[in-house]
Amino acid sequence: MDNDLQNKLRSFSIHEFQDDLINWYLTEKRDLPWRKDQDPYKVWVSEIMLQQTRVDTVIPYFTSFIEKFPTIEALADANEEEVLKAWEGLGYYSRVRNLQSAVKEVKESYGGVVPNSPHEISKLKGVGPYTKGAILSIAYNIPEPAVDGNVMRVLSRILSIWEDIAKPKTRKTFEDVTYELISRDDPSSFNQALMELGALICTPTSPSCLLCPVREHCTAFEEGVQAELPIKSKKKKPKPLQMAAAVLHDSDGNLYIHKRPSTGLLANLWEHPNFEIVATTGKTYREQLADYLQTEYEAKVVLSELAGTVEHIFSHLIWNISIFIAEVKNSPNENLVAVSPEELSKFAFPVSHQKIYQIYKGQNLA
DNA sequence: CACCCGTGGTG
DNA sequence: TCACCAAGGGT
């Protein structure tokens, strides 16, 4: 921590800040399903789901996930397909594979009890510095910083910290600050209050300073620079890729689907056969797709004309997918699995491939 | 550190 | 439309 920041903290009314913040939180906090108790497992699941994901999106997933897998034991013993299906549509699917892996570790090495030491909990897959602090403080009431985007935004304004919060090393500054500020009486409420304030009052654009319970402590508000903070450098634009996909079916209406590899993008999810178009050949998308289905799956097909397009936007790339319907005239190789339309709902697909299937169903109707 | 890893909402 | 956002972690 630099000298300027240390000086700010020396003249900061820490206890008054804690009281104003926590009292506001205890009165105004939202009634969320993961706040019904302090079960470390449920806190853990909620924190993983909430990573880079909105509260409103998480709520229905959390409720049904806990119904399906109410305990560490239940999740540890669950079928991986079923677990992935419960996560379908939430995104960042490695989160749930890491979670199940970590839960198995807790079952085997810690007797099914989530460890309460920073060192041990950090070794669990998918538990980084934020999630570590969140579980320890919320479930175990241990005064550990839990620095997420909310906390960096709120504290950058409170203390007028002009470091770029997009830079990895900046998180250390905010952990140091949080360690100075955190309530030793109620670290759980303190950490959650900082995040709740960021979500409800101290929002990224147009913060509601006049409603803020801690504006008397806020140097950015005092100086009128709350709209300039935090400093956050720009992200790269996602790179567009041209793709082609086929909804492959036989004359009985069975579908032929492919399981993606266990690492990388959309790992272990199912998809309709697809590939990236090569721009340099003189062939049409349709011709390239027929070639691909033949070489990759030994599938002889009758392809439709272009049936539609689907866009899939990721953090770092964009698929522009041209969709064709293909009827197979032979038995494809073992890289494809045949399923009936009724069975399809047991498999987890990325959202783009759900849309691809919708196009096929629309064609069937006509 | 830079890059990879999803999705849906919003001004 | 588009840029940015939302309780990050792994490599």
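Below, chain A is the first sequence line, B the second, and so on; all start at residue 1.
- The base of B/dG6 is paired with the side chain of A/Thr53 by a donor and an acceptor separated by under 3.5 Å.
- For A/Tyr130, taking side-chain heavy atoms from C-beta onward, the closest of the listed nucleotides B/dT7, B/dC1, C/dG9 is C/dG9.
- Within the nucleic acid shown, A/Leu90 comes within 4.0 Å of at least one base atom, counting heavy atoms only.
- If you check every strand for non-hydrogen atoms under 4.0 Å, A/Leu317 touches nothing.
- Here B/dG8 is the nucleotide among C/dG10, B/dG8, B/dT7 with the atom lying nearest to any side-chain atom of A/Arg54.
- Contacts of A/Lys125 with the nucleic acid, taken as non-hydrogen atoms under 4.0 Å apart, involve only primed sugar atoms and P, OP1 or OP2.
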Steps toward ring pair (Phe, Tyr, Trp, His ring centres under 6.0 Å) verdict (A/Tyr357, A/Tyr360): CA-CA 5 Å; A/Tyr357 185 65; A/Tyr360 166 72; 5.7 Å; yes
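- Proximity of A/Tyr92 to the phosphate of C/dA6: no side-chain N or O atom is located under 4.0 Å from OP1 or OP2.
- Only the P atoms considered, C/dT11 is 14 Å distant from B/dG6, to the nearest whole Å.
- Note on A/Lys85 versus A/Glu81: no salt bridge recorded, every NZ/NE/NH1/NH2 to OD/OE distance being 4.0 Å or above.
- For A/Pro204, the listed nucleotide lying nearest its side chain is C/dA6; candidates were B/dT7, C/dA6, C/dA3.
- Side-chain atoms of A/Thr131 and base atoms of C/dG8 include no donor and acceptor less than 3.5 Å apart.
- Under a 4.0 Å N-O distance rule, the pair A/Asp164/A/Lys232 does not qualify as a salt bridge.
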Ring pair (Phe, Tyr, Trp, His ring centres under 6.0 Å) assessment of A/Trp87 paired with A/Tyr61: CA-CA 7 Å; A/Trp87 208 269; A/Tyr61 280 93; 7.6 Å; no
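- The nucleotide whose nearest atom lies closest to any side-chain atom of A/Gln51 is, among C/dG9, B/dT7, C/dC4, C/dG9.
- The other residues sharing a hydrophobic cluster with A/Leu229 are A/Trp162, A/Val225, A/Ile231, where clustering joins ILVMFWY side chains under 4.5 Å apart.
- Residue A/Lys235 places none of its side-chain N or O atoms closer than 4.0 Å to OP1 or OP2 of C/dA3.
- A/Arg260 comes within contact range of no nucleotide atom at all, as no heavy-atom separation falls under 4.0 Å.
- Within the 4.0 angstrom heavy-atom criterion, base atoms lie near A/Ser315.
- Shown are A/Asp19, A/Leu21, A/Ile14; of these, the side-chain contact (heavy atoms from CB on, under 4.5 Å) with A/Phe17 is made only by A/Leu21.
- Between A/His272 and A/Phe349, the ring center distance clears the sub-6.0 Å criterion.
- At the heavy-atom level, A/Trp319 lies nowhere under 4.0 Å from the strands shown.
- Between C/dA6 and B/dC5, the two C1' atoms lie 15 Å apart (nearest whole Å).
- Among the nucleotides B/dT7, C/dC5, C/dG8, the one closest to any side-chain atom of A/Phe314 is B/dT7.
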Strand DNA chain B in bracket notation, Watson-Crick/G-U under 3.5 Å with | for pairs to another chain: .||||.|||||
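- Among the atoms of the strands shown, only primed sugar atoms or phosphate atoms (P, OP1, OP2) are found under 4.0 Å from some heavy atom of A/Gly264.
- The side chain of A/Thr205 contributes no N or O atom lying less than 4.0 Å from OP1 or OP2 of C/dC5.
- Neither OP1 nor OP2 of B/dC4 sits under 4.0 Å from any side-chain N or O of A/His316.
- For the pair A/Lys236 and B/dA2, the criterion of a side-chain N or O lying under 4.0 Å from OP1 or OP2 is not met.
- Counting any heavy atom pair closer than 4.0 Å across all strands shown, A/Arg153 reaches sugar-phosphate atoms only and no base atom.
- Which of B/dC5, C/dG9, C/dC5 sits closest to the side chain of A/Pro129 comes down to C/dG9.
- In this structure, A/Gln242 places its CD atom where more than 12 heavy-atom neighbours from other residues, nucleotides or ligands lie under 6.0 Å away.
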